[in-house]
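Structure record follows, encoded as structure tokens.
Predicted model only: the values in this text are computed from it and were never measured.
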Amino acid sequence: MGRINDKKDDSFIETNILTFEQKKEEEKEELLEKLIVKIIISLTLKEYYETCDKISKIQSTGTK
């Protein structure tokens, strides 16, 4: 009797561990995706501001 319950407990624990590991892996993937998006947005905005800054300097010197 004890062995049957032990096997059920072991199976239940293993299932919980696998579920937990899958959730952690999904969270890591989601965080990585968010980080990649932040990096892309930051680089895009940086490039945009640098380009706009050059354009405004050229326009202001061109009108003088």
Side-chain angles (χ1 to χ4, degrees):
M1 274 287 189
R3 289 185 179 180
I4 294 173
N5 287 339
D6 288 345
K7 287 182 181 179
K8 287 182 183 178
D9 290 341
D10 289 345
S11 176
F12 178 73
I13 291 170
E14 287 178 20
T15 303
N16 283 341
I17 289 172
L18 289 174
T19 303
F20 177 76
E21 289 175 348
Q22 287 174 345
K23 286 181 182 179
K24 280 297 189 185
E25 196 64 34
E26 289 172 4
E27 288 174 4
K28 286 180 185 178
E29 289 175 4
E30 186 178 328
L31 288 173
L32 180 62
E33 288 174 7
K34 287 180 179 182
L35 180 62
I36 290 171
V37 168
K38 283 183 179 182
I39 291 170
I40 291 171
I41 290 173
S42 296
L43 291 173
T44 304
L45 288 174
K46 180 182 176 195
E47 184 178 337
Y48 173 76
Y49 286 125
E50 288 174 353
T51 304
C52 287
D53 209 25
K54 290 177 184 175
I55 292 171
S56 64
K57 286 179 184 177
I58 292 170
Q59 288 177 344
S60 63
T61 56
T63 56
K64 286 185 179 181

Single-linkage hydrophobic cluster, 4.5 Å side-chain cutoff, I41 and Y49 together: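 Looking at the clustering, Y49 is in the same group as I41.
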
Which side-chain N or O atoms in residues 26-35 pair as donor and acceptor under 3.5 Å with protein atoms at least two apart or in another chain?
residue : atom : partner : partner atom : Å
E30     : OE2  : K34     : NZ           : 3.4

What residues, two or more places apart in sequence or in another chain, satisfy side-chain contact (heavy atoms from CB on, under 4.5 Å) together with [X]?
X: T44; result: I40
X: L43; result: I39
X: I17; result: I13, E21
X: K38; result: none

